[in-house]
Amino acid sequence: MSSFRLYVIFLVCLFFQALSFGQSIYVGAELNFTNEKSKLDRSELYNFDKFNNGLIKKEILKICKDCELHKVDGWPQVTYPDGWWFKPTVDTGVVEIKTLKTTANEYRQKYKNHLDDIFLLMRKFNFKPDPQGGLSHMHIDYETAFHSNIIHFRNYLVHLINHQGTLELLGAHDANGKFNAVFLSEMYKKETIEPFIDYLNKLDEKILFGHKLPSISEFIDLLPEEMRRKFVAINLQHSETMEIRSLSSPKNSDQFIDTAAFLTGAIEYVKKVGGLIPLEEIRHPNLWTEQEKIDSFHQFSVTQGKDSEDFKHRVLKPEQWYLTPSENQKEIKPIIRSCPLLFL
């Protein structure tokens, strides 16, 4: 490769990194709550009168006297004096609470009490998080996460797919589509992955040889159809957000905030890498052992400079806390290169 081409690629890397430096990543929640009656009679919630009469208003005003309550798209939206809002809706077997997008730090510093109100409100109506059914979802804002940088978006998508063992631990172990959950395995079918690999290779060639790159929306539009369906672990159907659907319902506001920090921290990692993260061997979820899953979780943590043992207790379910990474994984250090394209 000529010195001039190396110099051009180096400048391109610096440009893309500069675009994303210091961005605050916005995430929105879809917190799901259920109960035994809703699981047995999944049609019950479509006629859930509590969300269409004065009961919810009465309970909300007990929790937040200064809140405003008005309907948006047919559902009540609760708006706090500081502008943050949440909106209770219903879905199959669950009550789904949607929230305003903000950063993980702002959730913790400014809005944690508001999240606590949601959990309190749901308890009053006898709904609770279910770690195996009614999976919660997280929306990652494209603009604040990637700032129109297709390389960073491509890398994050590959990083998530490479660490499918991490998604398995964060989720409900492929919960058979029950109670608004998803099939993680949908993204790992041969007929889905082979076209994806082919398409990714074509994009990588464009990046390497300096050709015109697609926008993030153009990239998504050309992905295999199976990867653009709603009921997969990573939903790319939304125009403004990437939806991580395969998340076990958090038991409280702290677990949601920690999970948001965990997933967005990986975006900061791929921004520092700046070049192309290679796609690793892709296997069906059923072929991952528990040891491989916790090793994946450890790698996902360490590459973004986080303590996997600490985050294990903050974002995983208690029954997973006994898992420990393999000895050969414990020495892994984050590899950060200013421009990995130079090494392709």
Side-chain angles (χ1 to χ4, degrees), residues 104 131-132 135 138 140 152 154-175 183-185 187-188 190 193 196-197 200 233-234 244 246-252 254-344:
Q132 294 298 331
L135 295 192
M138 186 176 298
I140 298 175
H152 292 168
R154 174 256 183 227
N155 273 353
Y156 187 60
L157 184 60
V158 169
H159 192 55
L160 289 176
I161 293 174
N162 285 348
H163 291 87
Q164 191 236 319
T166 299
L167 291 179
E168 283 274 321
L169 291 181
L170 291 174
H173 302 282
D174 207 4
F183 291 100
L184 286 174
S185 55
M187 289 190 65
Y188 297 88
K190 181 179 179 181
I193 287 302
F196 172 68
I197 293 174
L200 195 68
I234 306 168
I244 311 297
S246 56
L247 299 176
S248 181
S249 293
K251 63 180 182 295
N252 53 39
D254 284 316
Q255 188 176 10
F256 166 76
I257 294 169
D258 287 335
T259 303
F262 186 67
L263 290 172
T264 56
I267 297 175
E268 298 299 343
Y269 161 69
V270 302
K271 288 178 181 179
K272 293 174 183 176
V273 170
L276 300 180
I277 295 176
L279 186 67
E280 299 173 3
E281 178 187 5
I282 299 173
R283 295 177 297 149
H284 191 280
N286 293 344
L287 299 179
W288 285 69
T289 66
E290 291 299 295
Q291 186 61 59
E292 289 173 322
K293 291 175 186 177
I294 197 62
D295 286 348
S296 169
F297 181 85
H298 178 71
Q299 295 165 11
F300 198 85
S301 304
V302 171
T303 52
Q304 53 182 292
K306 291 186 169 75
D307 182 342
S308 68
E309 188 67 19
D310 176 43
F311 260 85
K312 178 176 71 175
H313 290 86
R314 291 163 64 183
V315 303
L316 298 186
K317 295 180 282 294
E319 59 267 29
Q320 298 168 329
W321 291 352
Y322 78 94
L323 296 169
T324 57
S326 305
E327 286 299 321
N328 63 344
Q329 296 290 323
K330 293 180 180 179
E331 300 303 318
I332 290 180
K333 304 292 182 184
I335 300 175
I336 304 297
R337 300 183 298 201
S338 60
C339 189
L341 285 176
L342 298 176
F343 299 90
L344 294 177

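Along the sequence shown, residues are numbered consecutively beginning with 1.
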Quiz item: With no hydrogens and no angle check, is any side-chain donor or acceptor of H159 less than 3.5 Å from a backbone partner on A266?
Solution: no
Donor-acceptor pair, side chain of D258 and main chain of V315, under 3.5 angstrom: no
- Q304 versus E268, side-chain donor and acceptor atoms under 3.5 Å: no
Q299 and Q329 have their tightest heavy-atom pair at NE2-OE1, 2.8 Å
Applying ring-ring contact (aromatic ring centres under 6.0 Å, His included) to W288 and not counting sequence neighbours gives none
Using a 3.5 Å distance criterion without hydrogens, assess whether the side chain of K293 forms a donor-acceptor pair with backbone atoms of L167. no
D310 meets the salt bridge (charged side-chain N to carboxylate O under 4.0 Å, His left out) criterion, sequence neighbours left out, with R314
The single option from L276, L157, V158 that satisfies side-chain contact (heavy atoms from CB on, under 4.5 Å) with L200 is V158
By side-chain contact (heavy atoms from CB on, under 4.5 Å), Q291 pairs with (sequence neighbours left out) T289, I294, D295, S326
Checklist entry - Would you find a donor on one side and an acceptor on the other, under 3.5 Å apart, between the side chain of N162 and the backbone of P278? => result yes
Residue set satisfying salt bridge (charged side-chain N to carboxylate O under 4.0 Å, His left out) with E309, at least two apart, ordered chain then number -> K312
Using modelled atom types and a 3.5 Å cut-off, is there a donor and acceptor pairing between side-chain atoms of Q320 and backbone atoms of L169? yes
Those residues at least two apart in sequence (or on a different chain) that pass side-chain contact (heavy atoms from CB on, under 4.5 Å) with T264 are I25, V27
Nearest heavy-atom contact between L263 and Y156 is O-OH, 2.9 Å
Separation between CG (L170) and NE2 (H163), nearest 0.5 Å, reads 12.0 Å
Across all chains, not counting sequence neighbours, the ring-ring contact (aromatic ring centres under 6.0 Å, His included) partners of F262 are F297, F300, F311
| So do the side chains of L160 and I244 get within less than 4.5 Å of each other, counting heavy atoms only? | yes
Those residues at least two apart in sequence (or on a different chain) that pass side chain to side chain donor-acceptor pair (under 3.5 Å) with T166 are S296
